[in-house]
Amino acid sequence: MDILADLNPPQRQAVEAVEGPLLILAGPGSGKTRVITHRIAHLTTIWDIKPHRIMAVTFTNKAAREMKERLSVLMGERAKSLTVGTFHAICASILRRDGAAAGIDPKYVIYDDADQLALMKRCMQELCIDPKTHPPKPLLSAISRAKSQLLSPGDCSLRIESYFEEVLHRVYTHYQDLLSANHALDFDDLLMMTHHLFDKHPDVLSKYQSRYLHVLVDEFQDTNITQYALLRQFAGKHRNICVVGDPDQSIYSWRHADIRNILNFGKDYSEAKTVYLEQNYRSTKGILAAAHGVIAVNRDRIDHGLWTENEEGSPITIVKAPSETSEAQFVVGEIQRLMASGEARARDCAIMYRTNAQSRVVEECFVRYGIPYQLVGSIRFYERREVKDMIAYLRVLHNPFDGISLLRIINTPARNIGQKTVERLSQLAQSQGVPVFVALQRLLQSSEVPAGLTSRAVRALEAFWELITQLIAESQEMDLVDLLDAVINKTGYQTYLDNLEDGGERWENLLELRGLANEYAALGPAEGLAAFLEGVMLFSDTDELDEKRDVATLITLHQAKGLEFPVVFILGVEEGVLPHSRSLNDRSQMEEERRICYVGMTRAKKRLYLVRATERRLLGEMKSNPPSRYLRDIPGNLCQEIDLNWSMDTCAPPETKQRQAEYDAGDYVRHAKFGDGVIVSCAPTRDDQELLIAFEKVGMKKLLASVAPLERMSSPELLDD
DNA sequence: CGAAAGGCTCTTTTT
DNA sequence: GAGCCTTTCG
């Protein structure tokens with residue numbers, strides 16, 4: 001197989017530049033994943049690099065999985081020994097293997113958002129900080145920001161400039177203490193602690209540096225400072241680091257992605273080569289031009305060419321609906337029409353929106369009209385109560401120091417351990433400075449009942465202790481699936497679910513979890529449990545997306561990055577929704593909103609619909625939003641407009657008209673009465689344009705584009721007649 | 001002790 | 001409208 005055969009010249013250049021650092025700037029649809037996979041295949045075949053000496057880092061599990069699939073097509077079995085994974089997954093396994101040097105328990109557990117929140121509440125309680133005056137979430141997000149920049153609690157104490165920062169410092173310090181007391185790491189810790197480990201233990205670092213001859217990174221524009229620092233550590237010895245990115249698709253600044261990384265790359269690796277991938281293989285010319293119209297407005301960007309040899313394609317359809325219901329109905333009708341005409345199947349269609357909340361109306365509508373669909377990741381699998389409960393049990397068995405999990409399941413299902421008892425128990429743990437698990441053990445060993453506890457409560461705790469210790473013993477020798485079954489049975493969880501209203505559905509979820517556990521069977525008891533817990537925490541539901549089923553996809557614009565569909569509907573193209581209201585007063589956030597829109601538009605291969613509702617329910621209140629500013633930035637000649645407001649009462653088919661209102665300053669026009677003229681300026685109004693026209697014969701006139709009897713003139717010669 | 005009801009806040013995007 | 005917390009009742 002000739003790996004270079006069907007690559008265009010820049011792609012080939014990117015694949016063949018194997019020595020030294022390489023920056024690939026790749027526009028949407030330019031084949032960047034292809035370049036990465038072919039580059040790896042090229043390295044392993046032509047240059048005979050052993051696959052286990054190559055690391056490819058992605059952001060999502062889905063991207064990692066796809067890359068592995070494509071690589072095994074190119075390389076076969078050899079692909080298995082490549083390191084392909086997300087930053088988080090790669091770091092998690094490094095810490096499990098080598099973290100002990102930095103004081104990390106190999107049996108550490110990973111805390112997700114919910115766990116973090118629980119821990120933060122506990123933390124604030126212990127510090128006597130009122131969660132009303134200092135809401136936990138902003139504090140957590142500030143801590144996350146610090147960790148994304150490699151700032152330890154100590155570093156944060158160096159520049160305390162406000163009361164908030166003072167509180168932050170105290171909270172951050174204690175939060176880290178609690179994490180470590182629980183033998184737990186949060187998502188950001190996985191990265192920061194790995195960096196820390198490498199920083200303090202050159203021997204460990206050197207092991208990885210020597211092993212990895214080549215490091216490749218996808219979606220480089222989304223890396224944060226910590227991730228970039230990690231990459232530099234990995235590539236520190238051989239300096240063969242290849243990063244692929246597109247600044248125009250940077251939409252994760254809220255997760256502390258730092259665009260400066262792209263700029264710094266050239267400084268940190270002054271010998272770096274740069275390759276531009278500018279040919280788009282995905283979209284029609286029309287879609288590309290429309291998307292360019294939107295993104296070109298951004299100030300903080302370098303305009304680079306993006307072109308395609310694809311056909312011009314259908315016009316972009318801009319739809320004005322009276323409400324979010326009719327917005328959804330339009331989508332249904334249009335999908336039905338496309339399916340009936342054979343132009344598209346359900347699976348060719350994607351419905352994209354800014355916020356998850358928007359999906360509900362669409363979902364209801366799809367159910368009513370029987371359009372098959374899949375909703376991508378609004379409720380994460382492992383965030384479901386029953387799944388979290390089961391995982392909490394397994395975590396406690398794996399690592400009894402995990403107090404957050406222990407307290408979660410201590411009375412689930414109910415076993416007569418009330419709130420008071422739990423509170424008393426965690427107080428005991430805190431005052432003795434030991435984990436809850438140990439405090440419980442001590443309490444039960446001592447002959448006297450501590451103050452504040454009834455003997456009844458102690459009996460209940462004893463029963464719980466028996467249950468857990470017995471399960472821990474079993475976890476040492478039982479296979480994972482058997483262990484899970486044992487937990488479900490001995491805790492009475494199944495009976496508990498049976499008595500619940502929606503128990504059936506929840507039981508299904510546990511069966512799914514069981515199926516997942518089955519995949520770790522080969523690893524044996526303890527190791528299987530560890531790997532399962534790691535996998536389940538880092539597993540994201542976006543991975544659920546199944547391209548094989550013939551169903552339409554409902555997805556947020558963020559999650560849509562990296563995907564493509566023949567037909568794309570973007571909903572809520574309104575001021576306040578896209579761009580989102582929370583970004584309106586911040587210029588750099590507004591630029592990001594624009595990139596989000598750009599990402600959505602460039603997902604479309606053949607057809608693109610931009611739909612808005614003149615009125616929609618927001619915050620429980622009816623709101624009427626003006627059309628998104630992005631609509632104005634799309635050249636009018638690329639569009640066709642549908643106004644559903646007109647068809648409401650009359651039941652007439654939706655009126656379609658070529659958008660004539662779109663004029664630009666400098667256009668030449670002929671007016672039925674005033675004769676020929678040139679447009680001096682045009683001011684957009686709600687649905688129209690107010691034109692200032694200099695007429696040859698009658699001078700300046702102010703006219704509305706939609707009502708004035710104007711005709712566009714193609715060339716200025718006519719004026720000179 | 002647990003379940004149910006009422007009141008409160010806050011709504012972006014996710015590894 | 002939803003999730004979270006607190007209060008209230010059985």
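Numbered from 1 within each chain, the chains take letters A, B, ... in sequence-line order. Source: prediction; values computed, not measured.
In this structure, Arg595(A) forms no cation-pi arrangement with Tyr598(A), as its terminal cationic atom is not both closer than 6.0 Å to the ring centre and no more than 45° off the ring axis.
At dT13(B), none of the side-chain N or O atoms of Gln559(A) fall inside 4.0 Å of OP1 or OP2 (strictly under the cut-off).
When heavy atoms are screened at a 4.0 angstrom cut-off, Asp186(A) is found touching no nucleic acid atom at all. As judged by a 4.0 angstrom heavy-atom cut-off over every strand, Ser144(A) is placed among residues making no nucleic acid contact. Nucleic acid contact class of Phe59(A) (heavy atoms, under 4.0 Å, all strands): sugar-phosphate only.
Residue Arg459(A) contributes atom CZ, which lies 12 Å from atom P of dC1(B) at whole-angstrom precision. Summarising the geometry, the separation between NZ on Lys147(A) and C1' on dT15(B) is reported as 14 Å, rounded to the nearest angstrom. Between Phe187(A) atom CZ and dT14(B) atom P there is a gap of 13 Å when expressed in whole angstrom units. When rounded to the nearest whole Å, the span between CD1 of Ile417(A) and P of dG2(B) equals 9 Å. Residue Gln116(A) contributes atom CD, which lies 11 Å from atom C1' of dT15(B) at whole-angstrom precision. Between the OH atom of Tyr111(A) and the C1' atom of dT14(B) there is a distance of 20 Å, rounded to whole Å. The distance from atom CD1 of Ile110(A) to atom P of dT15(B) is 13 Å, rounded to the nearest whole Å. Taking atom OH of Tyr252(A) as the reference point, atom P of dT15(B) lies 7 Å away to the nearest angstrom.
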Item checked: Test side-chain hydrogen bond (donor to acceptor under 3.5 Å, both in side chains) applied to Glu575(A) and Asn625(A), step by step -> CA-CA 6 Å; Glu575(A) 288 293 299; Asn625(A) 297 317; over 6 Å; no

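Looking at every heavy atom in both residues, Gly27(A) comes nearest to Asp246(A) through CA-OD2, 3.6 Å.
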Give me, pair by pair, the N or O atoms of the protein and of nucleotides 7-12 of chain B that are less than 3.5 Å apart, along with how far apart they are.
{"from": "dT11(B)", "atom 1": "O5'", "to": "Arg582(A)", "atom 2": "NH1", "distance (Å)": "3.1"}
{"from": "dT12(B)", "atom 1": "O2", "to": "Arg354(A)", "atom 2": "NH1", "distance (Å)": "2.7"}
{"from": "dT12(B)", "atom 1": "O2", "to": "Arg354(A)", "atom 2": "NH2", "distance (Å)": "2.1"}

Between protein and nucleotides 2-9 of chain C, what N or O pairs are separated by less than 3.5 Å?
{"from": "dC5(C)", "atom 1": "OP1", "to": "Lys121(A)", "atom 2": "NZ", "distance (Å)": "2.7"}

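Looking at Arg408(A) and Asp115(A), no side-chain N of the basic residue comes within less than 4.0 Å of a carboxylate O on the acidic one, giving no salt bridge. Residues Glu327(A) and Arg612(A) are not paired through a salt bridge, judged by the lack of any N-O separation under 4.0 Å between the basic side chain and the carboxylate. Between Asp222(A) and Arg255(A) there is no salt bridge, since no side-chain N of the basic residue sits under 4.0 Å from a carboxylate O of the acidic one. Under the 4.0 Å criterion applied to side-chain N and carboxylate O atoms, Asp186(A) and Lys147(A) are assigned as salt-bridge partners.
Closest to the side chain of Lys420(A), from the set dG2(B), dT14(B), dC1(B), is dC1(B).
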Notebook entry, point to check: Which string of ( ) [ ] | and . matches DNA chain B, if you list each base 5' to 3' and count Watson-Crick or G-U pairs only when both distances are under 3.5 Å?
Noted result: ||||||||||.....

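A donor atom on one side chain and an acceptor atom on the other are not found under 3.5 Å apart for Ser628(A) and Glu574(A).
The six-membered or imidazole ring of Tyr353(A) lies away from that of Phe569(A), with a centre-to-centre distance of 6.0 Å or more. Annotation: Tyr496(A) is in aromatic contact with Tyr493(A) [ring centroid separation under 6.0 Å]. Checked against the 6.0 Å centroid threshold, Tyr228(A) and Phe220(A) count as a close aromatic pair.
Summary of the strand contacts: Arg456(A) and Asp188(A) both lie near DNA chain B, and taking for each the nucleotide with the nearest heavy atom, the more 5' one is attributed to Arg456(A).
Between Phe234(A) and Tyr208(A), the angle of the ring planes goes over 60°, which puts this pair in the perpendicular group of the 30/60° scheme.
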